[in-house]
Undergrad: 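Would you mind keeping the following structure in view while I ask a few things?
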Amino acid sequence: MSDQQARNLEIRGVTKTFGQVTALKAVNQEVRQGEFFTLLGPSGCGKTTLLRIVAGLELPTTGTIILSGRDITALPAARRQVNTVFQSYALFPHLSIFENVAFGLRSRRFPEAEVQRRVAATLDLLEMGAMRDRSPDQLSGGQRQRVAIARALVNEPEILLLDEPMSALDAKLRAQVQEELRRLQRRLGTTFIMVTHDQAEALVCSDRIAVMNAGEIIQCGTPAEVYDFPRSRFVAEFLGAANLLPAKRAGGGVETGVGRLRLEREPVWQEGLIAIRPEWIKVGTSEPAVNGVLATVEDIVYRGTNFDLTVTPGPMRVRTNAFKQFAIGDRVWLELPPPELVILED
Amino acid sequence: MAETPILWRGEMTTRRALTGRGLGFLSPGMLWLIGFLVLPSLLFIVLSFAERGVYGEVVWNFSLANYKRLAGFGTFGWTPDYLLILGRSVLVAFVTTSVSILLAYPLTFFIASRPPRSRFMWLIILIIPFWTNIVIRTYAWFFLFSPEFPFARVAAFLGLIEDGTSLYPSAFAVYVGMISDYLPFLALPLYSSVERLDWSLVEAAQDLYASKVRVFMQAILPQTAPGLTVGIILTFVPTMATFVVPDLLGGAKYMLVGNLIQQQFGPSRDWPFGAAISMALMLLTLLSMRIYRRKGASVDIL
């Protein structure tokens, strides 16, 4: 398969302005065939606008959308092999679950036997077969979401778009649905593009995440890449918690507020930021061989699975195992391992 | 036994006190309706079986004569005149309502899509005719339809009417007058539904390959059905019974049931026959609404 064919979707130089407001600034991104791709960012970052442009519900101001080598920028939603799961699910309240799922097939006048077969198969796939004669208002939030997914998937789209699919679900159900969605995508091999503002959701579901801010994709990579190696302060802070240390280049490392630290490689800047995740800081009673910091425990928060300590100097956040007991005022040795110290580019 | 106190919407009270207060608030309205609507209606039912005296007084001899007369069985054999008038009234109400629906949809979508500031202005423009009496509004059409005005000239030029004549009295003038009078009754309730339209359903229908007709039938019509139904009732029911517009713009050529009733209570002084026609009108209206509900239910709208 050539490189051109393998690229399922290409977004080339897409900008979008609404009057004075710029929602998207020259976005370039390619989404590969069969991957679970997530657009992650805070509200107003342009992620939903980008999704709507791919869906054919919005025209880009400039730029092109290419699906399997074909320019689809000017094709409306009804003529794209792309289907959407809407944030509110947008189920037709006057139609049964079966008729909701059959909607796309009936629009295209599929023979009745095929409509019956495909809708039944898709409802079974999502374990909603028993609900076929109910109406949407008789379903729970989770069930409605399944119907919305079934209604899109029954059309066998090249790409399934999901606009904040979990936002209407409660926290516990959300965690379960995230894993189910991931399994469903692996099983079908359909390209999924999801929009979310929830970093945990993005990490659980995605093959790749594009982090968006202020109309731009600022970093794209696998969940591990964007979480472990954030390139910018925004990504470091948006995905999980991070300790940010202002630093100056000095000798073989950097001089920071917590002392001199050795790094794995030289930063490109003279002055900048170093980031480390709270869970990567090791806490001990004796001085470590490298990057040791003698610190005082200022505050302790119990989180069930772990403790979150606030320590000075810094102040820094440190995550420790639940079985380690500390008291406020304890003096501890921290180790900031060089591989876990991330040099931010901005 | 002491009443057990209950908390009702944050207020400490008892069931008995709540019931008493509810009846207290309800009774003025109930008495009004019973005194001025229910009792007169019952009286009308009785009256419709009575007889007209020689001098137009009511003679309490009960028979089905009035209804027979309405069905066309007169002194000189059967004529379809009254039934024609009833049928024509249903037709006029049906056409007026249908045309109003066709006009109201684009109109309400236009208003709902305006920015909030000018939206209010457009609504005012729609409501302004209500501030004028219906008789005055109808007389205004006399001017607009007079031979000197462009409407009549264009019609004359096209050969639809004779040169130098006015566009009224005619069926056309009645329809124009009725639609312009009743369009706001349909458009305002419809607007309240259109304003709250959930556009994501429209987008979902588009996303699922629906044609324009299908988008309207499945995503827009079901959502606007509540407002549309109120609008249809508010338009259909009064147009069935209207008499001002057909009287002024239709003349003797285009008599509707409203005029017929008015004639019985006015010049003809035949109250029992007027009551019988009123009963027939009421039955016909209820029947029409029933058909609408049936049809509506069968296409999954209501």
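All chains are named by letter (A, B, ...) in the order of the sequence lines, taking the proteins before the strands, and each is independently numbered beginning at 1. Quick caveat, the model's predicted, so the values are computed rather than measured.
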Undergrad: Quick check: under 4.5 Å, non-hydrogen atoms only, which of residues 177-204 of chain B neighbour chain A?
TA: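 Hits under 4.5 Å: B:S200, B:L201, B:E203, B:A204.
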Undergrad: Would you indicate whether B:F110, at its atom CZ, is surrounded by more than 12 heavy atoms from other residues, nucleotides or ligands within a distance under 6.0 Å?
TA: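 Atom CZ in B:F110 is crowded, with more than 12 foreign heavy atoms closer than 6.0 Å.
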Undergrad: Would you compute the distance between atom CZ of A:R108 and atom OG of B:S211 and round it to the nearest 0.5 angstrom?
TA: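 If we round to the nearest 0.5 Å, A:R108:CZ and B:S211:OG are 13.5 Å apart.
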Undergrad: So what's closer than 4.5 Å to chain B heavy atoms on A:V82: side chain, backbone, both or neither?
TA: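 Interface part for A:V82: backbone (N, CA, C, O).
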Undergrad: Decide if atom CZ of B:R15 counts as having more than 12 heavy atoms of other residues, nucleotides or ligands within a radius under 6.0 Å.
TA: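 Not more than 12 within 6.0 Å, no.
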Undergrad: Answer yes or no: are there more than 12 heavy-atom neighbours, outside B:F243 itself, under 6.0 Å from its atom CZ?
TA: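 Not buried by this count: 12 neighbours or fewer within 6.0 Å.
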Undergrad: Measure A:E99 against the heavy atoms of chain B and call it side chain, backbone, both or neither at under 4.5 Å.
TA: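 Neither the backbone nor the side chain of A:E99 comes within 4.5 Å of chain B.
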Undergrad: Give, for atom CG of A:L105 and atom OH of B:Y209, the distance between the pair rounded to the nearest 0.5 Å.
TA: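 A:L105 atom CG to B:Y209 atom OH measures 9.0 Å (nearest 0.5 Å).
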Undergrad: Check whether more than 12 heavy atoms from other residues, nucleotides or ligands sit under 6.0 Å from atom CE of B:M30, and answer yes or no.
TA: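 Count not over threshold, so no.
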Undergrad: May I have all residue pairs that pass ring pair (Phe, Tyr, Trp, His ring centres under 6.0 Å) and include part of residues 100-123 of chain A, sequence neighbours excluded?
TA: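 As it turns out, the ring pair (Phe, Tyr, Trp, His ring centres under 6.0 Å) pairs with a partner in residues 100-123 of chain A, which skip direct neighbours, are A:F92-A:F103.
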Undergrad: Quick check on the interface: out of B:Q223, B:Q218, B:Q206, who has the most heavy-atom pairs with chain A under 4.5 Å?
TA: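 Of the options given, most contacts go to B:Q218.
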Undergrad: Which answer fits A:L161, side chain, backbone, both or neither, if we ask what part of it has an atom under 4.5 Å from a heavy atom of chain B?
TA: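 Contact with chain B is absent: no heavy atom of A:L161 under 4.5 Å.
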Undergrad: Main chain of A:T84, side chain of B:D207: is a donor-acceptor contact present, judged purely on distance under 3.5 Å?
TA: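 Flag set: sc B:D207 to bb A:T84 pair under 3.5 Å.
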Undergrad: Return the option, out of A:R79, A:R151, A:R80, with the maximum number of heavy-atom pairs under 4.5 Å with chain B.
TA: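 With the most close heavy-atom pairs to chain B, the winner is A:R151.
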Undergrad: For A:P93, is it the side chain, the backbone, both or neither that has a heavy atom under 4.5 Å from a heavy atom of chain B?
TA: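 Interface part for A:P93: side chain.
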Undergrad: Answer yes or no: does atom CZ of A:F18 have more than 12 heavy-atom neighbours from other residues, nucleotides or ligands under 6.0 Å?
TA: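 Buried by this count: over 12 neighbours within 6.0 Å.
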